[in-house]
Each structure stands twice: as C-alpha cells, then as structure tokens.
Number of protein chains: 2
Amino acid sequence: MPTKKKPQVTPTPERRRELLATAAEVFAAQGYNATTVRRIADEAGMLAGSLYYHFDSKESMIDEILSTFLDELWQGYDAVLAAGLGPRETIEALVTESFREIDRHRPAVAIYQKESKYLATQPRFAYLADSQAKFEKVWLSTLERGVAEGTFRDDLDIRLTYRFVRDTVWVAASWYRPGGHHSPEEIARQYLSMVLDGIALRT
Amino acid sequence: MPTKKKPQVTPTPERRRELLATAAEVFAAQGYNATTVRRIADEAGMLAGSLYYHFDSKESMIDEILSTFLDELWQGYDAVLAAGLGPRETIEALVTESFREIDRHRPAVAIYQKESKYLATQPRFAYLADSQAKFEKVWLSTLERGVAEGTFRDDLDIRLTYRFVRDTVWVAASWYRPGGHHSPEEIARQYLSMVLDGIALRT
DNA sequence: TAACCTACCAAACACTTGTTAGGGAACGGC
DNA sequence: GCCGTTCCCTAACAAGTGTTTGGTAGGTTA
C-alpha cells in the first residue's frame, strides 16, 4: 500500500460544514421529514450513529443549516439597506442579492421554502418567523416608498405586489442549478425586467 | 339520552369526499410525510384503523386528492385552449382559470406544490410528470406564439419567462385563503396586470 | 512507550409508523 | 325476528425511526 486511503486530518469545523452540506442536499431533495439520518450518513459515507458525534440531533442539523443561511442573507440585505438607495434601486439590489444567495445556498433556500412554515410553529425555530416579519417590513416599506415617490404604480394592492415580488424571486431556488446557462446576476436582470416592465411588448 | 349523537346516514361517496377533504387540509398544513394517519383520523373524529375501511393506504389518499384535482384542472384548461384565442387572451384565460382552481382546491394545490417533485419519482405518480410536461408545452407554445406575433417581448429568455409566469401563479396557493378580501378573478386581474405590464410606473 | 484525543463503528434501545384482523353497534329490507 | 350491509372500534403487528452506549483504530503529544 503506497499511501493512506484518506488524509484523515480534516479539522473539526471543516468536517462539520461538509456534513451539513450533504445533509442540506438530501433535505432539499427529499424533504426534511422524508429524510432519515441513515440516508444522510450513507451519503456521507458513514453510519447513522456516527453523525451524533458531530451533531446532537437531526433537528439541530436543519437548525444550523437554516440559521447559517439566514445570517448570511441578512448580512447582505443590511448592507444593501445601509447604502440608502432609492426605492427602485433598493428593489433591484435586493433582488440581485437574493439570487446571489440562491446561488450560494441553493439547498438551504429550498429547505427554507418547503419547511419553514411547518418548522416555525416550534419554539426552537422562532427566528424563522422573526426573519419573515423583518423581510416583509423591508420589502413592503420599500414598495410603499416607491409608490409615494411615483416610481411604482399606485393602482395595485401593495400586499399583493409584495407577495408577487417575494415569491417570484425565491421560488427560483426550486429549479435553479448552479453552473447553468445564466449567472445569478443575469437571472436577476431578467427577473427585474419582467417584474418592473412586464412581459408584454410596449406599443 | 334524548337523541342520537350523529345522523350516521351519510352515503358512502359523500363520506369519502369529506375524509379526503380533511386529509388534504392536514397534508397541506403539515406536509405529507409529516402527517400521520392517526392525525388525519383524529381530525375526522375516528381512529386510525377506521380510515382503512374507506381507503386502502395513506398513499392512495394523496393519490386520489391529486388526481382529482388534476382532472378538474385540465378540464378547465382544455376548455380554454379549445376556444382558440390569441396568445395574450389565452394567457389571461389560463391564469384566471388557475386562480379559480386555487380557490376551489387550495389544499390540493398546496400539496401538489410541495410534494409533486418527490412523489413523481414513484411509478404510481407518473401522471404528475405527464401533467407537468403537458403544462410546460401549453404555456411555452402560447408564449412563443405571442413572441412571434409581437404581443410579448422577444428580448427575454423564453424558458425563464415560462417559469416566471408559472411560479407566480401557483405559489399563490401557499398564502391564499378563500373568503378573503379579493375574489379569484380580482387576484387574477392584478397578477396579470403585474406580469404583463410590470409594477413600475410607465412614464 | 504510554496516555490521550479525534472520528468513527457495532449493536442495541424505545418509540412511532402504516397497516391488518376480528368484532360489534346501528339500521334497512324482508 | 332475522339477515346483511355500512361504518367504526379494539388490539395488535412488523418495519422503520431518531438516538444512545460502549468500544476502537489511528494519529498526536509527552
């Protein structure tokens, strides 16, 4: 035998992230409840019990996946909001930032989409509801600012508009595949073009 | 004891639909895998085993829920397509019809959204993939017709546009509540206005 | 060499899951 | 009254679930 099979020297936090990445991939593909810890361990090349050396429960895995994602998301959003742009530019920046997050955390976003409503009922995941409330506040106020300034139409139900914009952005995580034909920025550009100007030809 | 507790004379097919309705409600709220048959039975006021007098498995319940919904959906879609309208009018009619289906089958639509990708892998639910393929064909060809006719913009990725329109319509099932402020037709009108003309004010 | 730590395995645990088999109450037709 | 049907209950089953416990190979440190 020339060499060892594996380096076996990956430090602790590195290994944690690897395992969380594979867990997120399986959660996103199968759904949280439909995913067994044995399946995750299988995908990671180990046995089910061994996962409990790194994590103390299956729930704590999805918890860490989601909270890590949300932390990074809000870091990006807060940076955009701190720039003090106009309503339209803020929306454009938020959407672009969102697609970048989808590009970076696709499984996490997909999990968030599918499971957050169910998880948010548990006290442990109260931060999901908090995040959603903050989310709504930011987008709604930006839209209202735009309506007041005459940037956005005033003949639409503002809450309907909010859900429209929010959903069109985030459902993209269900079909988006990194390394596809379009970069996140290109997708954001086209999405913004559709949302802002519509798909009908202007005459 | 003055009277009997229950009428107890509901005919068979009626009772089936009642049970399927409550099952659909729970499936939509909790997710299919997270829902136990005991929970469904609880909600229906009976014990788990009793469900198996009406259905032969949990899987056959969601099967019947989804296939019933899809049958009715395509009945509506086919009627629209048979009318032979122009591209823009076809899109408008399809979207309006979709919101009517969401109004009538909200739980079924929510289940379809969340579980279809996972279920479609099983042979029993092959019709889900079939339906999705037909769906894509109808919408894509209509959009392409509109681009060719000069009704829709030609500077957008057509598949991106398709997913955009499709998603914006169907995710509404996740927040829509029958009996709210807006009728399905009113929501369809505003959605179409946003999709076709955008949310930015025209100058 | 010895003690120690990291990262995993092997095997089991308690519990929940979907599902089944047998029984029985209410009711209508005869 | 009797029979059959409808609809549900009681009680259990086997399989699968997340999790725990004790052990151990291999590397690092002393």
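Below, chain A is the first sequence line, B the second, and so on; all start at residue 1.
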Query raised in the report: Distance check: side-chain N/O of B:Y53 vs OP1/OP2 of D:dC8, anything under 4.0 Å?
Result: no
Query - Test side chain to side chain donor-acceptor pair (under 3.5 Å) applied to A:E186 and A:Q190, step by step - result: CA-CA 6 Å; A:E186 171 62 17; A:Q190 293 217 33; 3.1 Å; yes
Requested in this report: Name the closest nucleotide to the B:T36 side chain, picking from C:dC9, D:dC7, C:dT17.
Outcome: C:dT17
Query raised in the report: To the nearest angstrom, how far is A:Y52 atom OH from D:dT20 atom C1'?
Result: 10 Å
Query raised in the report: Nearest-Å distance, CZ (B:R16) to C1' (D:dC7)?
Result: 14 Å
Requested in this report: Find the distance A:I40:CD1 to D:dG18:P and express it as a whole number of Å.
Outcome: 8 Å
Query raised in the report: Residues from residues 24-34 of chain B sitting under 4.0 Å of DNA chain C, heavy atoms only?
Result: none
**Report entry** Value in whole Å for how far the P atom of C:dC9 lies from CG of A:L47
**Finding:** 4 Å
Report task. Output the distance between atom NZ (A:K114) and atom CG (A:N33), rounded to the nearest 0.5 Å. Result -> 11.5 Å
Query raised in the report: Within the side chain of B:T168, is there an N or O that forms a donor-acceptor pair under 3.5 Å with the backbone of B:F164?
Result: yes
Query raised in the report: Which nucleotide in the list D:dG18, C:dT19, C:dC9 gets nearest to the side chain of A:M46?
Result: C:dC9
Query raised in the report: Once you round it to whole Å, what is the distance between P of C:dC9 and CG of A:D42?
Result: 11 Å
Can you name the atoms? Protein N/O to nucleotides 11-13 of chain D N/O, anything below 3.5 Å, with the distance.
none

Query raised in the report: Just how far, in rounded Å, is C1' of D:dT5 from CZ of B:R15?
Result: 17 Å
Report summary line: Smallest heavy-atom separation, B:Y52 atom then B:S57 atom, equals CE2-CA, 3.8 Å
Query - Nearest atoms (heavy-atom pairs only) where A:R153 meets B:S193 - result: NH2-OG, 2.6 Å
Requested in this report: Check whether any side-chain heavy atom of A:R106 sits under 4.5 Å from a side-chain heavy atom of A:R177, and report yes or no.
Outcome: yes
Query raised in the report: Please give, in whole Å, the distance from C:dT17 P to B:L51 CG?
Result: 14 Å
Query - ring-ring contact (aromatic ring centres under 6.0 Å, His included) contacts touching residues 110-130 of chain B (sequence neighbours left out) - result: none
Requested in this report: Answer yes or no: does a side-chain N or O of B:H54 lie under 4.0 Å from OP1 or OP2 of D:dT6?
Outcome: no
Query raised in the report: Could A:R163 and B:W175 be counted as a cation-pi pair, given that NZ or CZ must be under 6.0 Å from the ring centre and within 45° of the axis?
Result: yes
Requested in this report: Within residues 110-126 of chain A, find the residues that approach DNA chain D with a heavy atom at under 4.0 Å, and present them sorted by residue number.
Outcome: none
**Report entry** For B:E43, all residues meeting side chain to side chain donor-acceptor pair (under 3.5 Å), sequence neighbours excluded
**Finding:** B:R39
Requested in this report: Name the closest nucleotide to the A:V37 side chain, picking from C:dG18, D:dT19, C:dT19.
Outcome: D:dT19
**Report entry** Geometric class of the A:F135/A:W170 ring pair [parallel <30°, tilted 30-60°, perpendicular >60°]
**Finding:** tilted
Report task. Measure the OH-CG distance between A:Y32 and A:L119 for me, rounded to the nearest 0.5 Å. Result -> 7.0 Å
Report task. Using atom types as modelled and distance alone, determine if a side-chain donor or acceptor of B:S141 lies under 3.5 Å from a backbone N or O of B:V138. Result -> yes
Report task. Taking the side chain as every heavy atom from C-beta outward, state whether B:E64 and B:F55 have any pair of such atoms under 4.5 Å apart. Result -> yes
**Report entry** Phosphate-side-chain proximity, B:S50 and D:dC9, N/O vs OP1/OP2 below 4.0 Å
**Finding:** yes
Query raised in the report: Does anything in residues 56-69 of chain B reach DNA chain D, meaning a heavy atom under 4.0 Å, and if so which residues?
Result: none
Query raised in the report: Rounded to the nearest 0.5 Å, what separation is found between the OH atom of B:Y53 and the CZ atom of B:R16?
Result: 10.5 Å
